[in-house]
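Just so you know, ligand 1 is whichever comes first in the structure, and atom 1 is the first atom listed for that ligand. Only a predicted model underlies this, so the values are computations on that prediction, with no experimental measurement involved.
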Amino acid sequence: MNLGKTCTKGFNLIKALESADRAVVPTLRDRATGQRRDLSWDEAAATFVDRFRAIQQKYGPESVAFLSTGQLPFEELALLGAVAKFGMGIRHGDGNTRQCMASAVVTYKQSFGFDAPGFTYTDIEQSDCLIFLGANPAIAHPILWQRLKNNTQSPTVVVVDPRSTESSKEATLHLAIEPKSDLTFLYALAHILLEEGWIDPEFIEAHTSGFAEFRDHVAEFTPEAAERITGLTAAQIRQVAELIHTKKAVSFWWTMGVNQSHQGVRTAQAIVNLCLMTGHIGRPGTGPNSITGQCNAMGSRLFSNTSNLLGGHDFGKPEHRAKVAQTLGIPEDLIPPDAGKNYDQILEAIEAGTIKGLWVICTNPAHSWIDHNSFQKRIDTLDFLVVQDIYHTTETAQVADLVLPAAGSAEKNGTFINSERRLGIVQKVKQAPGLAKTDFEIFQLLGKAWGVGPWLDRWTDPEAAFGILKELSRGQPCDITGIRTWKDLAAAGGIQWPWSARNADASLADHAQSAGADSAAVSWPQGDQVQRRLFADGKFFTPDGKAKFLFTDVVPLPEIPDETYPFFLLTGRGTMHQWHTQTRTGKVEMLKKMYPVDSYAEVNPADAQRLGIAPGADLRITSRRGSVKVKALVKESVRPGFVFLPMHYPEANCLTFPVFDPHSRQPGYKFGAVKVEVVVP
Ligand SMILES: Nc1nc2c(c(=O)[nH]1)N[C@H]1C(S)=C(S)[C@@H](COP(=O)(O)OP(=O)(O)OC[C@H]3O[C@@H](n4cnc5c(=O)[nH]c(N)nc54)[C@H](O)[C@@H]3O)O[C@H]1N2
Ligand SMILES: Nc1nc2c(c(=O)[nH]1)N[C@H]1C(S)=C(S)[C@@H](COP(=O)(O)OP(=O)(O)OC[C@H]3O[C@@H](n4cnc5c(=O)[nH]c(N)nc54)[C@H](O)[C@@H]3O)O[C@H]1N2
Ligand SMILES: [Mo]
């Protein structure tokens, strides 16, 4: 719940939607001349079908793939997933959630048996010690960060980040850890907690498995041994262990500094382990809490039909395939037996020539994917690239064959699910320009043109889709069968999953008893139920109901600074006023006044002095993958030997090292070795 508040980007969204480069008509590029010509929607749909069908016929059914997003309402995501995978036989589809939340998803699935972040935002107000790892919420989650002000527990706030950030400046304690050494730090914390006996043996015994092996594993992680790797002193590490022991309600919050790593999953699970061994879970103000980035990352995790079968189901389980087939009214054999390729594997298949057609929806990978130059080379080998976006000018749309013009978020209706599992609705406030259609309408149109089958007729509009998805969730941990219609969501100000029909009935009965009111009117959460957290009963979603201790050996980074490339590259969010690849925030004059318009790199004053870098000077930054020119922003935010490039400018990913977490396949965007030179004018 954002308590009715929004940040600068939210306020200015409408202006971005009025920009002159909105895609207002479908266009097709002539590859020989590079010219684009306008198409009617019927022609666009026919072209889509003809070209992708021809590719499938020539190269086999697996030769077309799609890349979707966590930024569309989940009714749209689900329709895309269903039409593409069940209707068009597209086997491989992934989305930008892979770039963002995959490590958290796998962490929860493996540790808890389901992708279930258990917290509620009120935990921020109820915790007396909040530990943020690899997160800069002061600019990336400003509304959430503001809720700290409502915290009446005089909380200790710890920020673990190699950089000094807007968040670390407001924290009680900033630990400027060496990049990607969080795993060692977290194991050293576990080591101290064990050594001191600062653990909760009853919780461990009753509600977890794998503890004995974990205890053996962390035996060698003494705080002294961790000093050299983490760059922190043993005393600093002990101080955090003491906080975890002495504070009543300790919560851990992590985002991209953890997820985007070559060991993101195990690092996040090291956070989970600390909560499990101390019992800081399931109670107010506690928990291993991953904050999601995109507005509907959680919706995409559960309902995009990419890595999960619709509704948080498993493609690999025959009983799940049967349930989904029956609920959707489709033959069971249309559902593939596995999730298909991940994002990076789709790109590898493009390079290998086995995927020849790609459909990109609401994401801009030509800017946001890791190691830009290799991405570009791969995309150039496609036979047909379709981009469905609200602008025709994004880096990816510019190289597309077919551009499909979409309505933006204020131009349509649908449902989002936020970090705390809360479903909320977005409502149409303006008409889309030109011929632009909502993504929902585009998927319907393409599905019909393809002839995907009569099952599509039930998906008449987003609210009908909501009804179908609700039914699919029945019996799942994310059961939302108690939400009768979108009206409930509007009236309740959002509802957290799970909210099953049984929850709703109980709530109705309570309400009728206490208020004596018309019970039919109120079936949504009331009072204490409005904020609900998972695991209060110590029961997890694993077959034995216990949470698992999972751990691994520490693996060194595949590239570290050396003589030729002596600087360590960090990337991430630059300011509160910029969003990702800047297709929207780059167009709003008011916002542009609040951030540097030219690409820049943050450099420490000591390095600036040593290398003769004047503020604002042109710098050439080079890695083994590419070389870019940016302006110098001389700032204490980075330590000597580091440069920070915000991801909002295309330069960052020209330099990044393409490494992936082995479990989640999430890219490790946050490192690489680079050299820095002043450009002589
Ligand atoms: N203004 C704005 N807000 C946004 C977004 C945006 O583009 N603009 N994007 C949204 C999205 S999709 C996301 S995913 C979130 C991301 O939100 P955050 O994850 O908070 O943002 P980042 O800046 O990517 O990374 C956070 C911090 O991780 C640190 N870091 C890097 N490497 C390490 C490491 O090895 N260990 C530790 N402990 N820290 C490390 C970086 O220095 C950085 O300060 O923000 C969301 N909110
Ligand atoms: N170096 C580096 N790279 C990173 C990161 C990092 O920290 N460092 N962070 C990564 C993370 S966490 C993320 S989430 C990704 C984000 O990467 P992207 O998803 O590629 O970034 P966006 O700019 O959000 O792209 C969204 C696209 O959807 C379009 N769009 C907006 N609304 C609509 C709509 O309603 N319908 C349609 N069809 N299109 C619409 C926008 O114009 C835009 O082109 O970047 C990743 N890349
Ligand atoms: Mo993200």
Closest non-hydrogen atom pair, [X] against [Y]:
| X | Y | answer |
| --- | --- | --- |
| Thr267 | Leu186 | O-CD1, 3.5 Å |
| Arg421 | Ile417 | C-CG2, 3.7 Å |
| Leu144 | Tyr121 | CD1-CE2, 3.5 Å |
| Asn289 | Ser251 | ND2-CB, 4.0 Å |
| Thr363 | Asp389 | O-OD2, 4.3 Å |

Run the salt-bridge test on [X] and [Y] with the 4.0 Å N-O cut-off and return the result as yes or no.
| X | Y | value |
| --- | --- | --- |
| Glu441 | Lys412 | no |
| Arg228 | Glu178 | no |
| Arg625 | Asp371 | no |
| Lys428 | Glu411 | no |
| Arg163 | Glu602 | yes |

Can you list the ligand 2 atoms lying under 4.0 Å from a non-hydrogen atom of [X]?
| X | result |
| --- | --- |
| Ala407 | 34 (C), 35 (O), 36 (N) |
| Asn653 | 1 (N), 2 (C), 3 (N) |
| Thr394 | 44 (O) |
| Cys100 | 12 (S), 14 (S) |
| Ala406 | 36 (N), 37 (C), 38 (N) |
| Leu72 | 34 (C), 35 (O), 36 (N) |
| Lys670 | 6 (C), 7 (O) |
| Gln294 | 14 (S) |

Quick one: look at Asp389 and ligand 2, take heavy-atom pairs under 4.0 Å, and tell me if it's side chain, backbone, both or neither.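 For Asp389, the contact with ligand 2 is made by both the backbone and the side chain.
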Using 30° and 60° as the class limits, which term best fits the ring planes of Phe303 and Phe74: parallel, tilted or perpendicular?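 The arrangement is parallel - the two ring planes meet at less than 30°.
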May I ask which of [options] has a heavy atom nearer to [atom] than the others do?
| atom | options | value |
| --- | --- | --- |
| atom 42 (O) of ligand 1 | Asp161, Asp182, Val159, Ile139 | Asp161 |
| atom 41 (C) of ligand 2 | Thr583, Thr581, Ile361 | Thr583 |
| atom 6 (C) of ligand 2 | Met256, Gln71, Glu651, Gln260 | Gln260 |
| atom 11 (C) of ligand 2 | Gln388, Arg573, Glu76 | Arg573 |
| atom 8 (N) of ligand 1 | Met576, Lys180, Gln578 | Gln578 |
| atom 26 (C) of ligand 2 | Ala652, Cys362, Gly257, Ala432 | Cys362 |

How long is the span from the CG atom in Leu80 to the CD atom in Gln388, to the nearest 0.5 Å?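 Separation between the atoms: 7.5 Å.
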Quick one: CG on Asn373 to CZ on Arg378, what's the gap to the nearest 0.5 Å?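 Output value for this atom pair is 11.5 Å.
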Does [X] reach ligand 1 with a nitrogen or oxygen that is under 3.5 Å from one of the ligand's nitrogen or oxygen atoms?
| X | result |
| --- | --- |
| His577 | no |
| His141 | no |
| Gly134 | yes |
| Leu133 | no |
| Trp579 | no |
| Ala140 | yes |

Report the residues that fulfil side-chain hydrogen bond (donor to acceptor under 3.5 Å, both in side chains) with Trp459, sequence neighbours left out, ordered by chain and then residue number.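 In terms of side-chain hydrogen bond (donor to acceptor under 3.5 Å, both in side chains), with neighbours along the sequence ignored, Trp459 is linked to no residue.
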All side-chain hydrogen bond (donor to acceptor under 3.5 Å, both in side chains) counterparts of Glu227, not counting sequence neighbours: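 Listed in chain order: nothing, the list is empty.
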Determine, using heavy atoms of [X] and all atoms of ligand 2, whether some pair is separated by less than 4.0 Å.
| X | answer |
| --- | --- |
| Glu411 | no |
| Gly408 | yes |
| Pro667 | no |
| Trp369 | no |

Give me the residue, atom name and distance of the protein heavy atom closest to [atom].
| atom | result |
| --- | --- |
| atom 16 (C) of ligand 2 | His580 ND1, 3.5 Å |
| atom 19 (O) of ligand 2 | Asn96 ND2, 2.7 Å |
| atom 47 (N) of ligand 2 | Ser368 O, 3.0 Å |

Return yes if a side-chain donor-acceptor contact under 3.5 Å exists between Trp254 and Asn259, otherwise no.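 Yes - a donor-acceptor pair under 3.5 Å links their side chains.
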Structural part of Thr575 in contact with ligand 1, heavy atom criterion under 4.0 angstrom: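 Thr575 to ligand 1: backbone contact only, side chain stays beyond 4.0 Å.
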Under 3.5 Å between any N/O of Tyr391 and any N/O of ligand 2: does that happen in this structure?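 In this structure, Tyr391 places no N or O atom under 3.5 Å from an N or O of ligand 2.
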So for ligand 2, is Arg584 a polar contact partner (N or O within less than 3.5 Å, distance only)?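 No.
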Check for me whether Ile291 has a heavy atom closer than 4.0 Å to any atom of ligand 1.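 It does not; every heavy atom stays at 4.0 Å or beyond.
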4.0 Å heavy-atom contact, His648 with ligand 1: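 Yes, His648 has heavy atoms under 4.0 Å from ligand 1.
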Counting only heavy atoms not in Lys629, do more than 12 sit closer than 6.0 Å to its NZ atom?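 For Lys629, atom NZ is not crowded (no more than 12 foreign heavy atoms under 6.0 Å).
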